[in-house]
Amino acid sequence: MSDHEKPGPGNFIRTIISEDLAGGKHQRVVTRFPPEPNGYLHLGHAKSICLNFGIAREFTDKMTLARCHLRFDDTNPSTEEAAYVEAIREDVLWLGFDWGEHLYFASDYFTTLYEYAEHLIKNDQAYVCDLSAEEIRATRGTLTTAGRDSPFRHRSRTENLDLFRQMRAGAFADGTRVLRAKIDMAAANLNLRDPVLYRIIHRRHHRSGDKWCIYPMYDYAHPISDAHEHITHSLCTLEFADHRPLYDWFLANLPVPCRPRQIEFARLNLGYTVLSKRKLQQLVNEGCVSGWDDPRMPTLAAVRRRGYPAAAIRNFCDKIGVAKKESLVDLSLIEHCVREDLNENAVRVMGILNPLKVIINNYPTGQSEELIAQNHPQKPEMGTRLLPFGREIYIEREDFMAEPVKNFFRLAPGQEVRLRYAYFIKCREVIKDEQGEIIGIICSYDPATIGGKAPDGRRVKGTIHWVAADRAITAELRLYDRLFTVENPEKAAAAGAVLKDFINPESRVTLQGCRLEPSLADARLDQHYQFERQGYFCLDRQDSQPQHPVFNRTITLRDTWEKIKAR
RNA sequence: UGGGGCGUCGUCAAGCGGUAAGACACAAGACUUUGACUCUUGCAUUCGUAGGUUCGAAUCCUGCCGCCCCAGCCA
């Protein structure tokens, strides 16, 4: 008994596949991920990619090789572009999946699809209809009333064939005729009321060029493409459930090599963002974000730029599960996955977001030294680095309070803290400008506490991060927060408002003049960094320059202090 | 009012007739040279609801209620 025959844990799709395998319906599993190249992939697609490729991986063993195809659903040249194809391939690869030899395009099947259409015509199961789009709509009927037959429904096969061939030859203008399946204008399922199979679009296709001027509809192309690739399980989202009878109708009425089974699952919805290409396109078009890869966007290109590891997204997709219930997943779940990965892999460094100068008055002027810091406290194998220290340093403005609140155990007048990996310092004096603004503080340090250890065993409650003033590098830091102010922006916008109204004005805050420890001058694009006590950061792949480094904050560290403070 | 789908903890989600997994969130505590991490503990007598079948029901049956999708020559 192979592993296949055990019912898969959890989701209903794995259960179905296991049963199909156990019942001998299939020897191997073949799935596919079928993006349309008309936009960028987002986290919702990641769910589908992980599901489809994950199943292929899971149902592969020594005896049987399961696989997942990458197929571009490029049946509509008016919205699709080759550039998207490249971006999508990159995204899938980045996510960690490989289609191997199995890269396909629906456009590869245009000839087959056309021949099948003639087959339907010859069987009196399809006809050329001269009605306009408006007329077709008007005769389709409503949810509760049947549609009316098109006056062209009873053309002869010969006439249909001739007309269809003329359509293909470019004899007609866009929108003047379509090929329709002849099914049932009274069907309760609107998809069966003589659906359009082919429409005329005189437009250059990114792959087939000007070879065609008629293009197949999704409903028609999809089942045939699946069948020709010997897909066993065609997974799609819930809104296609109504299309399944049509999917099956084509498979039953055409000489296809096999009959794939369509199974629907619920699409992903994530809190405080939108996961629909149309809506994302809108944000880009309206200038709400800087582009498809603006780090606040939920696109794969954006989260990659922001610093979300691919492994974290895969883990997230595992955790959310697959079901038919429409749900809204907590943003905190993906954040947890990102932190979990980054905590493990990010190199620890120190960086000051809002610098406050500290002068250590008993540290000899002109003296400096190098102190040893660990790159990851829990992983000594990640090594150490040297941190320059001197008389003048910067600390985080937030780590000093002239009038400390209760339980504030960082720096305050007379209070002692540890400078991470350095010394204990005590605040002696506050320097203010004419406006009374604090511009620096004067502290004393205890040389005996070098490395941050107290030989006398005395304890300090706070440890803060710092950088040496003269050796720090200056950088721009971009802090990101949730894109929207409401958890369910689509729902909020449906209630009369527009999406734009719910954009979080603080979703991006740019900080200039941040001071970072000198090791960051050699920061690499593929490395994640934890700025201790602040969060995880990575170099921005678009805007960072050697002379002007730009870091994106991937995510903050969990902040219990925020909660304590709020009480 | 037609058709399709769905209702299990705040959020996801197992469960498939034998007496409610797990994760996130949250709360309390321990540890701590990151108020991070880690650890420990707590968190659905109840599965939309009302009946029925059964020794036994979240699981089977019936009614009701609620939510989502469908009238593109988009996918």
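Each chain gets a letter, A, B and so on, in the order the sequences are listed, and its residues count up from 1.
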* Calculate the interatomic distance between A:His222 atom NE2 and B:A75 atom P; express it in whole Å. => 11 Å
* Nucleotide B:C12, atom C1' - distance to CD1 of A:Ile320 in whole Å -> 8 Å
* Quick one: the side chain of A:Gln530 and the base of B:U34, do they pair up donor-acceptor inside 3.5 Å? -> yes
* **Closest-nucleotide ordering on RNA chain B, the 5'-leading residue of A:Gln534 and A:Ala266** => A:Ala266
* **Touch class at under 4.0 angstrom, heavy-atom based, for A:Val460 against every strand present** => nothing
Give me the distances for all protein-to-nucleotides 22-27 of chain B N/O pairs that come in under 3.5 Å?
unit_1: B:C24; atom_1: OP1; unit_2: A:His336; atom_2: NE2; d: 3.4
unit_1: B:C24; atom_1: O2'; unit_2: A:Ser332; atom_2: OG; d: 3.0
unit_1: B:C26; atom_1: OP1; unit_2: A:Lys563; atom_2: NZ; d: 2.9

* **Whole-Å C1' distance, B:A14 and B:A44** => 14 Å
* Only one of A:Phe33, A:Tyr104, A:Phe105 clears ring pair (Phe, Tyr, Trp, His ring centres under 6.0 Å) with A:His69; which? -> A:Tyr104
* Describe the nucleic acid contact of A:Arg420 in one word from base, sugar-phosphate, nothing, applying a heavy-atom distance below 4.0 Å. => base
* **Side chain A:Arg533 and base B:G35 donor-acceptor under 3.5 Å** => no
* Do the ring centers of A:Tyr40 and A:Tyr84 come within less than 6.0 Å of each other? -> yes
* Asked: Do the side chain of A:Asn189 and the base of B:G4 come within less than 3.5 angstrom through a donor-acceptor pair of N or O atoms?
  -> no
* Any A:Val178 side-chain heavy atom under 4.5 Å of A:Asp130 side chain -> no
* Taking the six-membered ring of A:Phe400 as reference, does the NZ or CZ atom of A:Arg410 fall below 6.0 Å from its centre and within a 45° cone about the axis? -> no
* Which of residues 173-184 of chain A have a heavy atom under 4.0 Å from RNA chain B? -> A:Gly175, A:Val178
* Asked: By centroid distance (under 5.5 Å) and plane angle (under 30°), are A:Tyr218 and B:A75 in a stacked arrangement?
  -> no
* Asked: Can you find a heavy atom in the side chain of A:Glu36 that is under 4.5 Å from one in the side chain of A:Lys277?
  -> yes
* Side-chain heavy atoms of A:Val347 within contact of A:Gln527, under 4.5 Å -> yes
